[in-house]
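Because only heavy atoms are used, hydrogens play no part in the values below, and waters and symmetry mates are left out as well, while side chains stay in. Note that the structure is predicted; figures quoted are calculated from it, not measured.
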Amino acid sequence: MYSDYEESFYYNKPSSVSSGIVGEAVGLGLGLGVGLISTIMSGLLFLIARIDILSSSLLGLLFFLLTYRYEWNMPVYITGIIAIFTVSMMLQHIIKVFRVIYGLFTSVAVSLLVSAFIGCSSEANMYKGMAICFMVTAVWTIISWKCIINK
């Protein structure tokens with residue numbers, strides 16, 4: 001009655017159950033990926049908006065990087081980082097000169113970190129990238145402090 005082609009067309013269809021599971025897995029993976037990326041981006045945007053927290057955190061990171069080879073206990077590092085963070089925040093919010101000092105420190109640190117993480121084809125391109133990052137961070141520092149003070 002039916003030819004072989006018609007029978008294979010009607011009876012050898014792939015199961016819709018397996019394609020539904022694959023679709024759910026892909027959707028779950030995309031959702032988790034987008035969620036992770038948006039979490040990282042929101043954290044970065046928060047640090048950009050609150051430059052005082054970024055500069056204090058960078059100073060704590062510098063403390064850790066400079067003392068890492070001594071292999072101190074973790075409570076020593078945590079206590080040191082918390083103390084540095086607290087004193088840095090207090091200094092930035094109380095004394096205006098420290099805002100400028102920490103702003104320059106943050107601009108230099110960000111330009112060095114960006115040049116370390118992004119590969120450059122030549123030394124001239126590296127210096128251009130560092131200069132651009134320094135200027136952008138300096139402008140963000142000024143804007144962020146104006147917003148913090150106006151609140």
Side-chain angles (χ1 to χ4, degrees), residues 12-151:
N12 292 334
K13 287 184 179 180
S15 172
S16 63
V17 173
S18 66
S19 64
I21 293 173
V22 170
E24 289 176 8
V26 169
L28 178 67
L30 287 173
L32 288 175
V34 168
L36 179 65
I37 290 171
S38 64
T39 302
I40 291 170
M41 291 299 292
S42 66
L44 288 173
L45 289 174
F46 173 75
L47 288 177
I48 289 171
R50 291 297 308 262
I51 203 76
D52 54 341
I53 295 174
L54 177 64
S55 60
S56 298
S57 301
L58 284 175
L59 194 60
L61 176 67
L62 181 67
F63 164 74
F64 178 74
L65 292 175
L66 291 176
T67 61
Y68 183 74
R69 64 186 174 126
Y70 297 129
E71 297 179 2
W72 293 338
N73 293 332
M74 192 55 66
V76 173
Y77 287 121
I78 292 172
T79 305
I81 290 171
I82 289 173
I84 288 172
F85 184 84
T86 305
V87 170
S88 297
M89 289 293 285
M90 287 176 16
L91 287 174
Q92 289 180 73
H93 284 277
I94 293 172
I95 303 170
K96 192 174 188 175
V97 174
F98 280 100
R99 292 180 198 162
V100 175
I101 293 170
Y102 278 95
L104 289 173
F105 166 74
T106 303
S107 299
V108 169
V110 167
S111 66
L112 291 175
L113 288 174
V114 167
S115 68
F117 287 121
I118 297 175
C120 297
S121 60
S122 68
E123 194 172 331
N125 287 339
M126 181 185 72
Y127 290 136
K128 286 178 195 174
M130 288 175 69
I132 291 169
C133 289
F134 182 87
M135 288 185 288
V136 167
T137 307
V139 169
W140 270 341
T141 301
I142 293 168
I143 292 170
S144 179
W145 273 112
K146 285 188 181 224
C147 292
I148 290 170
I149 291 170
N150 289 336
K151 284 184 180 180

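- Counting heavy atoms from C-beta on, the side chains of M89 and T86 never come closer than 4.5 Å.
- Counting non-hydrogen atoms of neighbouring residues, nucleotides and ligands closer than 6.0 angstrom, the CZ atom of F98 reaches no more than 12 such neighbours.
- Judged by distance alone, with hydrogens and angles left aside, the side-chain atoms of N150 form a donor-acceptor pair with the main-chain N or O of K146 at under 3.5 Å.
- Between the OG atom of S107 and the CE atom of M135 there is a distance of 11.0 Å, given to the nearest 0.5 Å.
- The backbone N or O of D52 sits less than 3.5 Å from a side-chain atom of S55, completing a donor-acceptor pair.
- Residues L58 and L113 meet the side-chain proximity criterion, which asks for heavy atoms closer than 4.5 Å.
- Test Y70, Y68, F64 against Y77 for ring-ring contact (aromatic ring centres under 6.0 Å, His included) and you get one pass: F64.
- For the side-chain hydrogen bond (donor to acceptor under 3.5 Å, both in side chains) test, residues two or more places apart in sequence or in another chain that qualify with Y127 are E123.
- Here the CD1 atom belonging to I81 is positioned 12.5 Å from the OG atom belonging to S56, to the nearest 0.5 angstrom.
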Go through the steps to decide whether L91 and R99 satisfy the test side-chain contact (heavy atoms from CB on, under 4.5 Å), and finish with yes or no. CA-CA 8 Å; L91 287 174; R99 292 180 198 162; over 6 Å; no
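- Residues meeting the side-chain hydrogen bond (donor to acceptor under 3.5 Å, both in side chains) test with S38, sequence neighbours left out: none.
- Partners of T137 according to the side-chain hydrogen bond (donor to acceptor under 3.5 Å, both in side chains) rule, which considers only residues two or more places apart in sequence or in another chain, do not exist here.
- Side-chain atoms of S111 come within 3.5 Å of backbone atoms of V108 as a donor-acceptor pair (strictly under, hydrogens ignored).
- Taking 4.5 Å as the limit, some side-chain heavy atom of L104 sits within range of a side-chain heavy atom of F134.
- Identified under the salt bridge (Lys or Arg N to Asp or Glu O under 4.0 Å) test for residues 135-144, with sequence neighbours left out: none.
- Atom OG in S57 sits 11.0 Å away from atom CZ in R50 (nearest 0.5 Å).
- Taking both residues in full, the closest heavy atoms of F85 and I53 are given as CE1-O, 3.8 Å, listed atom of the first, atom of the second, then distance.
- Partners of E71 under the side-chain hydrogen bond (donor to acceptor under 3.5 Å, both in side chains) rule, at least two apart in sequence or in another chain, do not exist in this structure.
- By the ring pair (Phe, Tyr, Trp, His ring centres under 6.0 Å) test, W140 pairs with no residue at all, sequence neighbours left out.
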Checking side-chain contact (heavy atoms from CB on, under 4.5 Å) for the pair I78/M74: CA distance, chi angles, key distance, verdict? CA-CA 6 Å; I78 292 172; M74 192 55 66; 3.8 Å; yes
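- Side-chain atoms of S144 do not come within 3.5 Å of backbone N or O of T141 as any donor-acceptor pair.
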Stepwise, does the side-chain contact (heavy atoms from CB on, under 4.5 Å) test hold for L62 with L59? CA-CA 5 Å; L62 181 67; L59 194 60; 4.2 Å; yes
Go through it in stages, so that I can follow the logic: the residues are M130 and V114, the test is side-chain contact (heavy atoms from CB on, under 4.5 Å), and I'd like the CA-CA distance, side-chain angles, deciding distance and then a yes or no. CA-CA 7 Å; M130 288 175 69; V114 167; over 6 Å; no
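- Put simply, CG on L61 and CG on L54 are 10.5 Å apart, with the number rounded to the nearest 0.5 Å.
- Counting heavy atoms from C-beta on, the side chains of I51 and Y102 never come closer than 4.5 Å.
- Put simply, CG on L36 and CD1 on I40 are 4.0 Å apart, with the number rounded to the nearest 0.5 Å.
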